[in-house]
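Structure, as structure tokens:
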Amino acid sequence: MSENTSYTTEEIARLLKISKLKVYDLIKKGELPSYRVGKQMRVDHSDLEAYKQHSRSGVSPFSPPGGSKAEPVSPPPFQFTQMPSYTGKTAGANIVITGQDISLDILATHLERSESPVRPLRSYAGSLDSLIAMYYGESDIVSTHLLEGDSGEYNLPYIRRLLVGFSYVVIHMLTRSAGFYVQKGNPKGIRDWSDLQKNGITLINRERGAGARVLLDEQLRLHGIHAAGISGYAAEENSHFAVAGRVARREADVGIGTEKAAKIIDGVDFIPLVQERYDLVILKKPEHEALIRTVLDILRSPAFQNELSSIHPYDLSESGTIIYET
């Protein structure tokens with residue numbers, strides 16, 4: 001293998017047989033040097049080999065002798081999305097914000113601009129995977145929009161089951177419409193969940209763990225519809241935009257997602273079905289006390305809400321409300 005070879009985070013995860021979030025964690029801690037090429041993080045072959053050779057001993061190859069902690073050898077603080085640099089900001093601890101909605105990118109930017117010393121990093125994962133990342137200590141702030149079908153309640157039933165033994169706060173961020181993406185003019189006449197089992201209807205699904213996938217599976221269960229009888233149920237995409245794009249290209253008749261993507265992707269109509277709650281979870285640790293206060297201030301601020309409203313007409317009437325706290 002050439003010493004000039006470099007790997008993406010996805011390739012590193014496959015080679016080491018670990019999750020992509022674990023790769024991010026290694027990068028964040030400085031155990032695996034990385035650099036950015038455009039929007040993509042890369043790790044050189046030589047650095048990967050050095051990490052593998054030394055990991056068995058439990059001593060990082062990028063730490064000084066004696067076991068004291070060194071600063072990461074990689075370039076300036078790792079961020080999953082490129083953020084503007086604000087002069088005068090004191091460097092502080094990195095925090096990982098996990099989730100897929102653009103509102104999280106805006107939150108990260110406002111955190112970067114705030115007086116808080118934290119440096120926000122962005123990771124992209126579905127709601128269940130985000131909560132699992134928090135459970136394993138791989139994320140500091142996660143978003144979730146998971147429907148529990150029997151009660152009609154969003155998020156709290158899943159958070160309570162996954163974060164057993166943790167102390168955390170759940171903060172409402174926004175409410176948004178979710179429903180069907182259909183081809184322009186809705187030629188197949190798709191209106192409700194029962195239409196998914198009709199002959200000649202092809203679905204494009206979201207990946208397991210995504211909030212849209214949980215919404216679909218819960219509705220199928222409640223309506224007594226067998227997933228095996230739905231054409232295309234096993235075909236998956238990893239974002240609302242990718243699902244809407246497949247429908248727009250007529251590669252599927254219907255997909256599940258949020259209204260925002262339908263406003264951006266040409267060739268797609270949107271059939272609203274539910275109003276889903278999009279909430280944030282932050283673990284309550286001594287080092288997170290100031291972070292929680294800052295996040296609450298940002299979510300309640302006119303600057304944040306005006307910026308978010310300019311992108312899409314979310315319901316922000318309860319933004320910054322603490323809805324549950326252990």
Side-chain angles (χ1 to χ4, degrees), residues 8 10 38-40 80-81 99-106 122-130 143-147 173-220 223 225 227-278 307-315:
T8 65
E10 290 86 354
K39 293 184 178 181
Q40 195 174 65
F80 302 146
T81 55
Q100 295 180 323
D101 195 81
I102 193 172
S103 58
L104 299 176
D105 299 323
I106 296 174
R122 282 285 285 117
S123 175
Y124 298 87
S127 292
L128 275 176
D129 287 342
S130 295
S143 64
T144 176
H145 58 109
L146 296 166
L147 173 67
M173 190 172 194
L174 57 90
T175 299
R176 61 188 187 181
S177 293
F180 290 151
Y181 303 128
V182 296
Q183 295 169 13
K184 207 70 176 177
N186 195 9
K188 298 293 181 72
I190 301 168
R191 296 294 177 188
D192 56 39
W193 302 104
S194 61
D195 291 331
L196 298 179
Q197 57 190 336
K198 290 181 178 178
N199 290 332
I201 301 294
T202 300
L203 172 75
I204 179 68
N205 211 345
R206 283 295 304 276
E207 79 280 10
R208 292 178 183 272
R213 175 66 168 264
V214 172
L215 172 62
L216 171 64
D217 288 344
E218 284 291 86
Q219 293 297 336
L220 296 182
H223 287 81
I225 300 172
I230 299 176
S231 175
Y233 178 86
E236 299 177 353
E237 288 288 354
N238 292 322
S239 74
H240 297 301
F241 291 101
V243 170
R246 292 282 294 273
V247 174
R249 294 192 299 272
R250 299 184 178 274
E251 296 172 6
D253 300 302
V254 61
I256 316 296
T258 61
E259 185 178 10
K260 177 166 58 67
K263 298 288 187 183
I264 296 173
I265 303 294
D266 289 333
V268 170
D269 285 341
F270 181 74
I271 309 296
L273 296 172
V274 299
Q275 290 292 306
E276 64 176 18
R277 296 182 62 87
Y278 196 75
E307 186 172 353
L308 200 53
S309 296
S310 69
I311 296 171
H312 187 74
Y314 297 110
D315 180 353

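Here the structure is a predicted model, which means the values were calculated and not measured.
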Nearest-0.5 Å distance, CD of residue Glu218 to CG of residue Leu146: 9.5 Å

- prompt: So which heavy atom on Val268 is nearest to which on Ala244, and how close?
  reply: CG2-O, 3.2 Å

- request: Check the angle between the aromatic planes of Trp193 and Phe180 and answer parallel, tilted or perpendicular using the 30° and 60° thresholds.
  value: perpendicular

task: List the atom of Val243, the atom of Arg206, and the distance in Å for their closest heavy-atom pair.
output: CG2-CD, 3.5 Å

- prompt: Do Tyr181 and Arg246 come within less than 4.5 Å of each other through their side chains, counting heavy atoms only?
  reply: no

- request: Search all heavy atoms of Ile271 against all heavy atoms of Ile190 and return the closest pair with its distance.
  value: CG1-O, 3.9 Å

- prompt: Say you draw a straight line from CG of Leu216 to CG of Leu147; how long is it, rounded to the nearest 0.5 Å?
  reply: 11.5 Å

message: I'd like to know if the side chain of Asp253 reaches the main chain of Thr202, judged simply by a donor and an acceptor atom lying under 3.5 Å from each other, with no hydrogens or angles considered.
response: yes

message: Tell me the closest heavy-atom pair linking Asp269 and Gly185, and the distance in Å.
response: OD2-N, 2.7 Å

- prompt: Is any side-chain heavy atom of Lys263 less than 4.5 Å from a side-chain heavy atom of His312?
  reply: yes

message: With a 4.5 Å cut-off on side-chain heavy atoms, are Leu220 and Ile230 touching?
response: yes

Parallel, tilted or perpendicular: ring planes of Tyr278 versus His145, cut at 30 and 60 degrees: tilted

- request: Could you tell me whether Arg213 sits above the aromatic face of Tyr233, with NZ or CZ closer than 6.0 angstrom to the six-membered ring centre and within 45 degrees of the axis?
  value: yes

message: When you compare the side chain of Gln219 with that of Leu196, does any pair of heavy atoms fall below 4.5 Å?
response: no

- prompt: Rounded to the nearest 0.5 Å, how far apart are CZ of Arg250 and NZ of Lys184?
  reply: 11.0 Å

query: To the nearest 0.5 Å, how far apart are CD1 in Ile106 and OG in Ser310?
result: 6.5 Å

query: Do Gln275 and Ser177 have a side chain donor and acceptor closer than 3.5 Å?
result: yes

task: Would you check if the side chain of Gln183 reaches a backbone N or O of Ala252 as a donor-acceptor pair within less than 3.5 Å?
output: yes

message: If you define the side chain from C-beta out and look only at heavy atoms, does anything of Glu251 sit under 4.5 Å from Ile204?
response: no

message: Could you report the tightest heavy-atom contact between Ala262 and Phe270, atom names first, then the distance?
response: CB-CB, 3.7 Å

field: From CD (Glu10) to OG1 (Thr8), nearest 0.5 Å
entry: 4.5 Å

query: So which heavy atom on Ala248 is nearest to which on Asp266, and how close?
result: CB-O, 3.2 Å

field: Within 6.0 angstrom of Arg208 CZ, more than 12 heavy atoms from elsewhere
entry: no

- request: Please tell me if the side chains of Lys188 and Asp195 come closer than 4.5 Å, counting only heavy atoms from C-beta onward.
  value: no

field: Side chains of Ser143 and Asp101 in contact at under 4.5 Å (non-hydrogen atoms)
entry: no

query: Atom CG of Asp315 and atom CE of Met173: how far apart are they, to the nearest 0.5 Å?
result: 13.5 Å

